[in-house]
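Here's the structure we're looking at; comments come further down.
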There are 2 protein chains.
Amino acid sequence: MPRRENVSMSVIRRLPRYYRFLRYLKKTGVTRISSTELSAKLGLTASQIRQDLNCFGGFGQQGYGYIVSQLCDEIANILSLSSQYPAILLGAGNLGSAIGAHMSFQEEGFHLIGIFDQSSDRIGMELANLKIRDVAELEKFCKKEKPVMAIFCVPRDAAAELAEKLYGLGIRSFWNFSHYDIAMQYPDAVVESVHLNDSLMTLCYRISN
Amino acid sequence: MPRRENVSMSVIRRLPRYYRFLRYLKKTGVTRISSTELSAKLGLTASQIRQDLNCFGGFGQQGYGYIVSQLCDEIANILSLSSQYPAILLGAGNLGSAIGAHMSFQEEGFHLIGIFDQSSDRIGMELANLKIRDVAELEKFCKKEKPVMAIFCVPRDAAAELAEKLYGLGIRSFWNFSHYDIAMQYPDAVVESVHLNDSLMTLCYRISN
DNA sequence: TAGATTGTTAATCGATTAACAATC
DNA sequence: TAGATTGTTAATCGATTAACAATC
């Protein structure tokens with residue numbers, strides 16, 4: 001009997017990969033797949049895949065395997081991808097612009113409702129069908145629009161300052177591309193960090209060793 | 001007596017974080033730190049930090065701790081950050097442009113020497129002090145300039161095709177932002193993947209649960 | 001029914017933490 | 001020297017893998 005509580009992050013982090021691959025299978029017309037086939041394609045063990053899925057429910061059929069489209073939907077459901085959490089983007093520089101464009105295109109789970117920057121060069125410009133706002137308007141905007149998630153594409157110092165402000169305004173989830181460590185400062189916040197530099201450094205290590 | 005072989009990825013992935021924080025300490029004038037202090041700041045155990053560092057050498061002094069600038073340099077050295085591996089960027093769309101700009105700014109371990117795209121809108125444009133080239137020139141360029149690493153900021157199908165070509169040309173390391181799974185196809189390649197969608201989906205899960 | 005494959009329990013493996021002797 | 005903190009070994013914890021009974 002599966003429980004959704006206490007599912008480890010190791011498991012959670014594999015779900016999007018399953019989802020991505022199942023969607024691809026579905027697109028290419030595959031209707032049925034066994035854990036063994038899946039494991040071969042993903043480079044995991046069949047055991048792990050069954051173990052992972054059974055944290056959430058018995059989605060397969062003994063002797064048959066899994067129905068691709070059904071499993072795909074189940075995972076989308078587990079991840080709550082049909083949510084439309086209102087999100088704001090902080091920083092419309094190179095990375096911020098890319099993320100903004102990406103968000104407006106993808107829209108799985110989140111919906112971008114505001115973009116903020118402090119540079120007068122950028123304020124007023126259009127990005128992802130939104131006009132870039134002055135970060136000075138942030139507080140007013142949040143009180144009115146109640147975003148749930150904030151994306152940090154700003155430098156470290158700005159991130160520290162903005163995190164404090166947004167936390168004060170009740171925002172508890174952050175997608176963090178900055179060098180500032182939000183998770184350490186606000187332990188009850190949900191923080192997902194993407195440190196591109198860190199990623200590149202581990203690549204450098206592995207090439208060299 | 002530490003050995004550099006067989007250091008687990010869990011350890012490697014923490015090194016850039018140590019490095020980042022130590023550099024910050026150095027900048028703010030801190031000269032000495034103990035594993036206990038570090039652990040409090042980073043939200044890890046002191047034991048783990050000492051364990052991690054001792055995979056590579058005894059960088060501390062009993063009864064004293066670690067000299068910040070020295071430890072910082074040691075980690076930079078372990079990660080081979082003074083390397084200048086020639087790298088190429090594939091795809092100069094929103095994300096590619098952001099990564100390109102980032103690379104030319106940072107230059108830790110890698111040096112961007114070429115940018116390629118297939119869109120005539122972009123070919124010829126300037127990015128990160130480089131002129132965007134036609135992807136048709138890729139093979140010729142690689143034979144001449146011998147890049148060591150390739151950054152994938154292209155859609156899945158283009159990624160599959162380009163990975164095959166570049167692998168054939170001898171490139172064995174990839175920074176992969178695409179949905180295509182290079183690591184599975186070429187097991188002897190060093191692949192570091194950044195799946196922004198996956199990251200966002202785990203955030204969605206955590207908000208919802 | 002026989003064959004296949006799941007769901008789940010038990011065994012193994014690896015990573016993290018605790019403890020402490022070595023030593024600055 | 002006494003106090004502090006490392007380096008390192010041993011204990012614990014969690015995640016992965018193997019095995020197999022349940023069942024489609």
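Just so we're on the same page: letters track the sequence lines, and every chain starts at 1. The shown structure was predicted, so the numbers you read here are calculated from the model rather than taken from an experiment.
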Checklist entry - In residues 64-72 of chain A, which ones come under 4.0 Å of DNA chain C, going by heavy atoms? => result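 Here the set is A:Y64, A:G65, A:Y66.
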Item to check | Any residue of residues 35-45 of chain B with a heavy atom less than 4.0 Å from an atom of DNA chain C | outcome: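 Within residues 35-45 of chain B, the residues near DNA chain C are B:T45.
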Checklist entry - With a 4.0 Å cut-off, would you call B:E108 and B:R23 a salt bridge? => result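 Yes, this pair counts.
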Checklist entry - Is the shortest distance from a Lys or Arg side-chain nitrogen in A:R32 or A:E37 to a carboxylate oxygen in the other one below 4.0 Å? => result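 Yes, charged N to carboxylate O under 4.0 Å.
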Item to check | Pair A:Y19, B:N197: side-chain N/O donor-acceptor within cut-off below 3.5 Å | outcome: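 Side chains of A:Y19 and B:N197: no pair found under 3.5 Å.
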Next on the checklist: Is it the case that the side chains of A:E192 and B:T202 hold a donor-acceptor pair, with the cut-off being a distance below 3.5 Å and no angle test?
Outcome noted: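 Result is yes, a qualifying pair exists.
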Using a cut-off of less than 4.0 Å, is there contact between a side-chain N or O of [X] and OP1 or OP2 of [N]?
X     : N      : answer
A:R50 : C:dG7  : no
A:R14 : D:dT16 : yes
A:Q61 : D:dC24 : no

Checklist entry - Whole Å only: how far is the CG atom of A:D52 from the P atom of C:dT6? => result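 To the nearest whole Å, that distance equals 14 Å.
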Checklist entry - Just how far, in rounded Å, is C1' of D:dT16 from CZ of A:R13? => result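 One finds 18 Å between C1' of D:dT16 and CZ of A:R13, rounded.
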Next on the checklist: Ring centres under 6.0 Å, that's the criterion: do B:F141 and B:F116 meet it?
Outcome noted: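 Between B:F141 and B:F116, the centre distance is under 6.0 Å.
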Next on the checklist: Quick check for you: among D:dT8, C:dT5, C:dT16, whose closest atom lies nearest to any side-chain atom of B:N54?
Outcome noted: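 Looking only at side-chain atoms, B:N54 lies closest to D:dT8.
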Item to check | Among D:dT8, D:dA22, D:dA19, the nucleotide that comes nearest once only the side chain of A:Q62 is considered | outcome: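 Of the options given, the side chain of A:Q62 lies nearest D:dA22.
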Next on the checklist: Restricting to non-hydrogen atoms, name the atom on A:F174 and the atom on A:I171 that form the minimum distance, rounded to 0.1 Å.
Outcome noted: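 Closest approach of A:F174 to A:I171: CZ-O, 3.5 Å.
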Item to check | Which atom of B:S83 lies closest to which atom of A:S208, heavy atoms considered | outcome: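 Taking every non-hydrogen atom into account, OG-OG, 4.2 Å.
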Next on the checklist: Strictly by Watson-Crick or wobble contacts shorter than 3.5 Å, is anything paired with D:dA10, and which nucleotide is it?
Outcome noted: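 Partner of D:dA10: C:dT17.
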Item to check | Identified pairing partner of C:dC24, criterion: Watson-Crick or G-U wobble below 3.5 Å | outcome: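 Matched C:dC24 with D:dG3 under the 3.5 Å cut-off.
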Next on the checklist: For a quick check, tell me whether the side chain of B:S47 and the base of C:dA18 share a donor-acceptor pair closer than 3.5 Å.
Outcome noted: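 A donor-acceptor contact between them is present.
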Item to check | Check: C:dT9 base within 3.5 Å donor-acceptor of A:Q51 side chain | outcome: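 Check passes, donor-acceptor contact within cut-off.
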